[in-house]
Trainee: 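Structure below; questions to follow.
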2 protein chains.
Amino acid sequence: MARKTGSHSEVTGPLVRQAAQRLIAQHGYAAVSMRQIAAEVGLQAGALYLYTPDKQTLLLQLMKDHLEDLLRVWSEKPLTGDPTRDLEVFCRFHIQSNLERADAVFIAYMELRNLTPENFEVIEVLRRKYEAELRNILEDGVNSGCFTVPDTKLAALAIIAMLNGVNTWYREGGRLSRDAVAAIYWDMVRRSVGAGNGNE
Amino acid sequence: MARKTGSHSEVTGPLVRQAAQRLIAQHGYAAVSMRQIAAEVGLQAGALYLYTPDKQTLLLQLMKDHLEDLLRVWSEKPLTGDPTRDLEVFCRFHIQSNLERADAVFIAYMELRNLTPENFEVIEVLRRKYEAELRNILEDGVNSGCFTVPDTKLAALAIIAMLNGVNTWYREGGRLSRDAVAAIYWDMVRRSVGAGNGNE
DNA sequence: GTCTATAAGGTGATAGAC
DNA sequence: GTCTATCACCTTATAGAC
């Protein structure tokens, strides 16, 4: 992308983060240089440091923004209080939002080891918060007798791992639509926790 | 590790691959230098090129060796012909072998994007072969009426993703033994494909 | 707000001594 | 079988011009 003469802080900053997100998702944090990111935006490498103090902070910001956005959007979802229905809402939301922001999701899972210990802790707290949202639904289901789950912590981890898997193979325009995929995965999740089919 | 005077090709080669596996699993292929790998074995960087033509081939060999070993060990497992029992064998085998070689598994999933297109294809063929093993069990189960699965390809991917998740959180000496974890995951998998509990 | 130039050091890979 | 020295190049980050 060629540099536009009218570039200013407010527009260039987001462009830098978008370019970094795309490149890091494709090649990995360690494999992408500040020069490559700058070139993608149409800048020289030195100019990037107007928008981030260093490369590490740029990575942290991508992951932090993603997870905070995920938590915010989820928190706005209206829940029904019926564990089975809420679990379905969670599964469909997770698959849908993962597919919508595949690059950010990929980075959040793949680049954890490239964070400094302090930054890792920041991200871990957010990740655990999201996991707890699912675990709460599972706890509700177990307490009300809707679900049969021996360990809600493990079940939450297992379900999220299973749903995350979609991103590794799903391609737009393939054999199945997003909704068809979500329906199949929801069915597997539903049965894995011993829930009825919701039509009883 | 200090260099031993008696080092020869036959012992140093494996040591180089072990060091590379450990370091790449921890920091990532792009982040690890040939100098670091050499230092871990007690060599100078130049000496590594007696054991690999280049860094890329070293990565390929780690991934290829791992997948070929996985397929070989699996192929030696005796199957019963009862889909439910065979699915249980697969689940327990997968969790067990993933935990036994966590570094190799991690690399095989995380470093795919650092392979050249040709090498990627080599690894993809092996990965799909392993997936097909699970899919065959699912097909058998659907055909014999043991399982209720709308799409065996998706189910195979979903199950493997779920089982792979164990490696991201399991730590030796934690709350649950390997067998306890495997039992809980097997129970979730079993129900997700609509199989009975095997005591009927 | 962006550029050019530069510092200080790391990179994969090879040549030739021993 | 391994080392030292080296090539050509890339890296992050900063300083100062414009």
Trainee: Closer than 4.0 Å, any side-chain N/O of B/T12 to the OP1 or OP2 of D/dT2?
Mentor: yes
Trainee: Going by heavy atoms in the side chains, are B/I107 and B/Q21 under 4.5 Å from each other?
Mentor: yes
Trainee: Regarding B/R22 and B/E40, does a basic nitrogen lie under 4.0 Å from an acidic carboxylate oxygen?
Mentor: yes
Trainee: Do A/M162 and A/V189 come within less than 4.5 Å of each other through their side chains, counting heavy atoms only?
Mentor: yes
Trainee: Just wondering, do A/K129 and A/E133 contact through their side chains at under 4.5 Å, heavy atoms?
Mentor: no
Trainee: Side-chain heavy atoms nearer than 4.5 Å, only ILVMFWY residues, links allowed to pass through others: does that put A/M110 and B/I24 together?
Mentor: no
Trainee: Take atom NE2 of B/H27 and atom P of C/dT11, then tell me their distance rounded to the nearest Å.
Mentor: 12 Å
Trainee: What's the angle between the local helix axes at either end of the helix from C/dG1-D/dC18 to C/dC18-D/dG1, using five pairs per end and rounding to 10 degrees?
Mentor: 0°
Trainee: Counting only heavy atoms not in A/E10, do more than 12 fall under 6.0 Å of its CD?
Mentor: no
Trainee: Could you state the atom-to-atom distance from CG of B/L48 to C1' of D/dT2 in whole Å?
Mentor: 11 Å
Trainee: Quick one: are A/L58 and A/I37 in side-chain contact, heavy atoms under 4.5 Å?
Mentor: yes
Trainee: Rounded off to whole Å, could you give me the CD-to-P distance for the B/Q36 and C/dT11 pair?
Mentor: 6 Å
Trainee: State whether B/Y29 and B/K55 meet the cation-pi test: NZ (Lys) or CZ (Arg) under 6.0 Å from the six-membered ring centroid, and within 45° of the perpendicular axis.
Mentor: yes
Trainee: Generate the contact string for nucleotides 12-18 of chain C. Rules: B means base contact, S means sugar-phosphate contact only, - means no protein heavy atom under 4.0 Å.
Mentor: BBB----
Trainee: Rounded off to whole Å, could you give me the CD-to-P distance for the A/Q44 and D/dA15 pair?
Mentor: 19 Å
Trainee: Tell me whether the OP1 or OP2 atom of C/dG1 has a side-chain N or O from A/Y51 closer than 4.0 Å.
Mentor: no
